Protein chains: 2
Amino acid sequence: MQGYDLKQEVTDKYSLRGRVFNKVREDILSGKYKENEELKEIAIGEELGVSRTPVREAFRQLELEGLIQIIPNKGAYVTGITIEDVKDIYMIRSKLEGLCASWACEHITKEQLEEMEENIYLAKFHAEKGHFEQMSELDSRFHEIMYEACNSKMLEHLLKDFHQYVQRVRRKTLSTIERSLASNSEHQAIMEAIRDNNPERADELATLHIHNAYENMVKNGLKEAYLNE
Amino acid sequence: MQGYDLKQEVTDKYSLRGRVFNKVREDILSGKYKENEELKEIAIGEELGVSRTPVREAFRQLELEGLIQIIPNKGAYVTGITIEDVKDIYMIRSKLEGLCASWACEHITKEQLEEMEENIYLAKFHAEKGHFEQMSELDSRFHEIMYEACNSKMLEHLLKDFHQYVQRVRRKTLSTIERSLASNSEHQAIMEAIRDNNPERADELATLHIHNAYENMVKNGLKEAYLNE
DNA sequence: TTTCGTATGATTGTATACAATTATACGATA
DNA sequence: TATCGTATAATTGTATACAATCATACGAAA
């Protein structure tokens, strides 16, 4: 996520450039374009029915988002995420999610708190049933609510970027019912600390939560996911 | 700093786009282009002797860096930094500089440590003389060394982005000999903790250092700097 | 066979032309 | 006078043409 756009909103949705940007980003994150794959301006342009100009502009942005790397006069390549990158991101995230949770104490709205509670309640159901697809959705949404509740566009955007960035890896790792339940309990504890307006505790719990998520990831085959490629 | 380029290196230095990017960025950070000023593609292009194409691509990147905001079909405007943004950045930085310092304990090289010591020694001299220009340079460099020493491109880039981003504001606020000396002492304590391979202490000291820098900034007229415009 | 050099093609870099959108000026009408 | 609408100009959005660079293939020379 290079060139961290410190406080931007999503890129223009309706211009051709914006559409190319979003489409290619989605395709990278979903795994359609593999790591180190070369992306050609003409090919992408033809696929989306646009000329090279908006494609090039989108590429420049994707480069700054860290999703592709552009080598001058050579080409654009999908960025690889190393095991070290993943660890770095989780350690950084753990600090920032703590900060985010502590800020949320003061700024969360009644509606956001209610959506959190609902999210936790629903997640418990799906966790027990082993519905990992829904769990993943709910997990992402829980964190998103917290990002929005911290009342800092800067931090919100930063965390969303990081969260999105590791989605690529999360898809590769296994989930277990045990971890899903534990994770949801941690969400509940964080929510309660925020609800009780206890920023120190919210910080501590959210920090620990990301640490745990990382530990679990490592335990459940992060390395293997890489070694098998 | 939208679209935080999570792990990129500096933009291509020799292409026209790269040159435009660097030049405009510098001009924004130096204050040549004021907040909310409109940047026109043709004007910038003519000034630098290039066509609109590289200018547009540079603009897209600057947008993601958070330095300008592009309104579709309308124009590009220099992003304003609010007091809240500054506070957010300093709070985020304080957490991340702590993390960075703790990581540096394990990875700093002998050369980097020596440059840190030299930096502190020189800074003491300039602080006592009231050479604020040199102090600012040395301060930036001290932090840069630490960023490089943490051995994480991700964190290094993130912190450099933030550091650069607040330069615009730092220029507006006053410096005092007292704060310069105190700041340098804090640098020394951080350096010693890193040298002694004490990550907890390094974390703590670096975190506090940024907090102090922020407090000092507020005390010395951050608000006034804004109100006077 | 290996190595080097050249030619060819493919791809990116840049400039320019045209289309679409937005801002401004001016005049008509109430 | 005030307001609205239209015409014009300015600016951005996109497509395309051409230049520069890089990759590849092929053949000549050792």
Side-chain angles (χ1 to χ4, degrees), chain A residues 2-3 5 8-25 27-28 33-79, chain B residues 2-3 5 8-25 27-28 33-79:
Chain A
Q2 175 83 36
D5 43 353
Q8 291 317 92
E9 279 312 303
V10 285
T11 307
D12 178 18
K13 215 173 154 184
Y14 301 104
S15 68
L16 294 188
R17 169 184 60 82
R19 275 162 44 198
V20 173
F21 178 80
N22 287 315
K23 181 66 167 58
V24 175
R25 168 153 83 170
D27 286 345
I28 291 175
Y33 300 131
K34 310 281 185 236
E35 288 191 4
N36 301 313
E37 183 170 342
E38 184 171 0
L39 301 183
K40 287 167 192 164
E41 297 172 356
I42 297 175
I44 303 276
E46 283 180 351
E47 194 180 322
L48 301 178
V50 301
S51 79
R52 283 175 55 216
T53 306
V55 175
R56 283 180 60 83
E57 291 181 7
F59 275 21
R60 296 296 172 263
Q61 297 192 297
L62 290 166
E63 182 184 29
L64 244 59
E65 287 252 311
L67 291 175
I68 67 175
Q69 185 179 4
I70 295 175
I71 300 176
N73 291 311
K74 191 137 178 290
Y77 302 86
V78 176
T79 307
Chain B
Q2 176 92 32
D5 43 351
Q8 290 318 93
E9 281 310 304
V10 284
T11 306
D12 177 20
K13 213 174 155 183
Y14 300 105
S15 68
L16 294 188
R17 168 184 60 83
R19 276 162 45 199
V20 173
F21 178 80
N22 287 316
K23 182 66 167 59
V24 175
R25 168 153 84 170
D27 285 345
I28 291 175
Y33 300 131
K34 309 282 185 239
E35 288 191 5
N36 302 314
E37 183 170 342
E38 183 171 0
L39 301 183
K40 285 169 194 165
E41 297 173 356
I42 297 177
I44 303 275
E46 282 180 352
E47 193 180 323
L48 301 178
V50 301
S51 79
R52 283 175 56 217
T53 305
V55 175
R56 283 179 60 84
E57 292 182 7
F59 274 22
R60 297 296 171 257
Q61 297 191 299
L62 290 166
E63 182 184 29
L64 244 58
E65 287 251 313
L67 291 175
I68 66 175
Q69 185 178 5
I70 296 175
I71 300 176
N73 291 311
K74 192 135 178 291
Y77 302 85
V78 177
T79 307

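The structure presented is a predicted model; accordingly, all values stated were derived computationally and were not measured. Labels below follow one simple rule: chain letters A, B, ... track the order of the sequence lines, proteins then strands, and each chain is numbered from 1.
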### Query
Under the side chain to side chain contact (heavy atoms under 4.5 Å, CB included) test, which residues partner Glu46(B), sequence neighbours left out?
Ile42(B)
### Message
Could you tell me how far apart Phe59(A) (CZ) and dT14(C) (C1') are, to the nearest whole angstrom?
### Response
17 Å
### Message
Over all strands shown, is Leu39(B) touching base, sugar-phosphate only, or nothing at heavy-atom distances under 4.0 angstrom?
### Response
sugar-phosphate
### Task
Please identify each residue that fulfils side-chain hydrogen bond (donor to acceptor under 3.5 Å, both in side chains) with Lys40(B), with sequence neighbours left out.
none
### Message
Less than 4.0 angstrom between a side-chain N/O of Arg60(B) and OP1 or OP2 of dG13(D), yes or no?
### Response
yes
### Summary
Which of dT12(D), dT14(C), dA15(D) is nearest the side chain of Arg17(B)? It is dT14(C)
### Query
Just to confirm, is there a sub-4.0 Å distance from OP1 or OP2 of dT12(D) to any side-chain nitrogen or oxygen of Arg56(B)?
no
### Task
State which residues pass side chain to side chain contact (heavy atoms under 4.5 Å, CB included) with Lys74(A); sequence neighbours excluded, sorted by chain then number.
Ile71(A), Tyr77(A)
#### Entry: Given Arg52(A), Arg17(A), Arg19(A), the one that forms salt bridge (charged side-chain N to carboxylate O under 4.0 Å, His left out) with Glu57(A)
Arg17(A)
Nucleotides 16-18 of chain C: which of its N/O atoms have a protein N/O under 3.5 Å away?
{"from": "dT16(C)", "atom 1": "O4", "to": "Thr53(B)", "atom 2": "OG1", "distance (Å)": "3.3"}

### Task
Measure the distance from CZ on Arg19(B) to C1' on dT14(C) and round it to the nearest whole Å.
12 Å
### Message
Base contacts versus sugar-phosphate-only contacts with protein, heavy atoms under 4.0 Å: please encode nucleotides 19-24 of chain D as B, S and - from 5' to 3'.
### Response
--SSS-
### Summary
Side-chain atoms of Glu41(B) come closest, of dT14(D), dT14(C), dT12(D), to dT12(D)
### Message
So if I take the C1' atoms of five pairs at each end of the helix from dT1(C)-dA30(D) to dA30(C)-dT1(D) and get each local axis, what angle do the two axes make, rounded to 10 degrees?
### Response
0°
